[in-house]
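Remarks on the structure that follows.
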Amino acid sequence: MFKFTSQIISKEVDEIIAREVDRQNFAIRKASKKVLKEIFEISEEIKKHELPKQFVRKTLPNNLGEGLFLRTDAAPIEKGSVIAPYTGEVTIVPQNEPDDADYAFAPLSDMYLNKEEQKQYDRANRFSPARLYAIKLDALKKGNFTRSINHSEDPNVYADTIEIGKNSYNLPERSLEVIYFAKRKINPGEQLLVSYEGEEDSYWEACDYEPFHMSPKTFRVNQDLELVSDL
């Protein structure tokens with residue numbers, strides 16, 4: 001369930017994404033040879049171990065769930081390095097409809113569907129040529145260890161959308177794949193954190209949670225992989 005190394009997506013949805021990326025002139029870069037190699041290497045780790053050996057999960061206090069940490073015996077993760085693909089099930093949903101999914105976000109929005117596409121992907125609504133749609137990437141049931149990376153207004157990880165074309169690693173070709181990268185150098189013992197929103201303060205309000213502002217050093221793991229904190 002949590003060993004997926006690429007998005008779960010139909011050929012038809014991927015073709016719609018490719019069309020909408022072109023129509024919107026959406027800024028998306030093609031994966032470099034370096035990025036492809038790093039995606040392949042971490043994907044092999046996920047297939048073998050589910051949680052790559054350089055990471056450890058720990059339960060956080062204050063009902064914050066699990067956190068993902070770089071083990072103290074691991075090498076630092078350099079700025080710009082691939083953490084892993086953020087995987088999940090990809091669907092098309094009406095834009096701006098309420099959604100309380102904990103592990104989902106929309107990598108592409110402002111999409112238009114034709115009548116047949118709306119009939120297939122939006123049976124609850126009558127056809128409207130002006131209705132906007134978004135891509136929903138949901139890791140609730142099918143994902144990988146990246147779903148344990150928590151939100152922060154001071155992240156050391158960022159999400160980027162890239163195109164994966166034909167490659168020598170047999171990685172699935174995708175018009176748009178979400179990849180987590182190191183925003184800065186991540187040192188052993190630090191928690192991996194990412195901003196779930198472009199406007200980084202909006203996450204807590206949207207979830208109706210009491211804000212808890214974590215930095216990569218708020219919680220750490222020590223040499224014995226015990227959770228420590230300055231709180």
Side-chain angles (χ1 to χ4, degrees), residues 1-2 4 7 42 46 50-52 54-71 74 76-77 79-91 93 95-109 134-162 176-221 225 227-231:
M1 182 180 295
F2 299 117
F4 287 86
Q7 296 172 164
I42 196 67
I46 293 170
E50 189 268 318
L51 181 65
Q54 64 266 42
F55 300 114
V56 61
R57 290 191 191 97
K58 304 298 289 187
T59 300
L60 304 177
N62 303 322
N63 296 316
L64 291 170
E66 285 189 328
L68 183 74
F69 297 81
L70 183 62
R71 293 173 62 105
I77 301 175
K79 178 180 178 179
S81 298
V82 169
I83 304 298
Y86 186 88
T87 62
E89 297 179 284
V90 178
T91 55
V93 297
Q95 190 163 304
N96 298 325
E97 284 196 354
D99 188 355
D100 58 357
D102 289 334
Y103 299 104
F105 61 92
L108 182 64
S109 57
I135 293 301
K136 180 179 180 180
L137 172 59
D138 193 348
L140 177 62
K141 297 180 180 179
K142 296 179 180 179
N144 62 33
F145 74 95
T146 55
R147 54 181 262 152
S148 295
I149 299 178
N150 283 311
H151 169 73
S152 173
E153 294 85 14
D154 182 26
N156 53 8
V157 173
Y158 72 97
D160 197 7
T161 51
I162 65 172
L176 185 154
E177 186 92 31
V178 177
I179 307 294
Y180 275 1
F181 292 89
K183 187 173 183 179
R184 56 178 182 263
K185 184 177 181 180
I186 302 174
N187 292 307
E190 288 186 352
Q191 184 179 184
L192 278 70
L193 297 167
V194 67
S195 172
Y196 290 169
E197 300 284 351
E199 296 179 3
E200 295 175 352
D201 290 333
S202 62
Y203 168 71
W204 301 108
E205 181 179 352
C207 294
D208 197 25
Y209 291 159
E210 183 70 24
F212 188 95
H213 300 293
M214 281 189 288
S215 79
K217 295 183 180 179
T218 301
F219 300 106
R220 307 177 302 282
V221 291
L225 299 183
L227 188 68
V228 295
S229 174
D230 294 333
L231 297 178

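- Taking Phe69 as the reference, nothing meets the ring pair (Phe, Tyr, Trp, His ring centres under 6.0 Å) condition, with sequence neighbours excluded.
- With no hydrogens or angles considered, no side-chain donor-acceptor pair links Ser152 and Asp154 at under 3.5 Å.
- The structure places CD of Glu190 at 10.5 Å from OG1 of Thr218, a figure rounded to the nearest 0.5 Å.
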Open item on the list: Walk me through whether Leu193 and Asn150 qualify under side chain to side chain contact (heavy atoms under 4.5 Å, CB included).
Closed with: CA-CA 5 Å; Leu193 297 167; Asn150 283 311; 3.6 Å; yes
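- Atom CD1 of Ile46 sits about 5.0 Å away from atom CZ of Phe145, to the nearest 0.5 Å.
- Between Ser195 and His151, the shortest heavy-atom contact is CA-ND1, 3.7 Å.
- By the side-chain contact (heavy atoms from CB on, under 4.5 Å) test, Glu97 is found to be paired with Pro94, Asn125, residues two or more places apart in sequence or in another chain being considered.
- Checked against side-chain contact (heavy atoms from CB on, under 4.5 Å), Val194 has the following partners two or more places apart in sequence or in another chain: Ile149, Val157, Tyr180, Tyr196.
- Judged as a side-chain contact (heavy atoms from CB on, under 4.5 Å), and not counting sequence neighbours, the contacts of Lys142 are Phe4, Ile8, Glu89.
- Note that CD1 of Ile42 is 5.5 Å distant from CZ of Phe55, once rounded to the nearest 0.5 Å.
- Smallest separation of non-hydrogen atoms from Leu176 and Pro107: CD2-CB, 3.8 Å.
- For the atom pair CD1 (Ile83) and CG (Leu70), the distance works out to 8.5 Å, reported to the nearest 0.5 Å.
- Applying the side-chain hydrogen bond (donor to acceptor under 3.5 Å, both in side chains) criterion to Asn187, with sequence neighbours excluded, gives no partner residue.
- Residues Ile77 and Asn156 have side chains not in contact (no heavy-atom distance under 4.5 Å, counting atoms from C-beta outward).
- Checked against ring pair (Phe, Tyr, Trp, His ring centres under 6.0 Å), Phe181 has the following partners two or more places apart in sequence or in another chain: Tyr158.
- Between Gln7 and Glu177 the shortest heavy-atom distance is N-OE2, 3.1 Å.
- Legend: residues meeting salt bridge (Lys or Arg N to Asp or Glu O under 4.0 Å) with Arg147, ordered by chain and number and at least two apart, are absent.
- Residues meeting the side-chain contact (heavy atoms from CB on, under 4.5 Å) test with Asn62, sequence neighbours left out: Leu64, Phe212.
- Residue Thr59 comes nearest to Leu227 through the heavy atom pair O-CD2, 3.5 Å, listed as atom of the first residue, atom of the second, then distance.
- What you find for Arg184 and Pro155 is that their closest heavy atoms are NH1-O, 2.9 Å.
- Listed by chain and number, the residues in a side-chain hydrogen bond (donor to acceptor under 3.5 Å, both in side chains) with Glu50 are Arg57 (sequence neighbours excluded).
- In this structure, the side-chain hydrogen bond (donor to acceptor under 3.5 Å, both in side chains) partners of Arg71, at least two apart in sequence or on a different chain, are Asp73.
- In this structure Thr161 satisfies the side-chain hydrogen bond (donor to acceptor under 3.5 Å, both in side chains) test with no other residue, sequence neighbours excluded.
- Taking CG of Asp138 as the reference point, atom OH of Tyr103 lies at 10.5 Å (rounded to 0.5 Å).
- Nearest heavy atoms, Ala159 versus Val178: CB-CG1, 4.2 Å.
- If you run side chain to side chain contact (heavy atoms under 4.5 Å, CB included) between Ile179 and each of Thr146, Asp160, Ile162, only Ile162 comes through.
- To the nearest 0.5 Å, atom OG1 of residue Thr87 and atom CZ of residue Phe2 are 9.5 Å apart.
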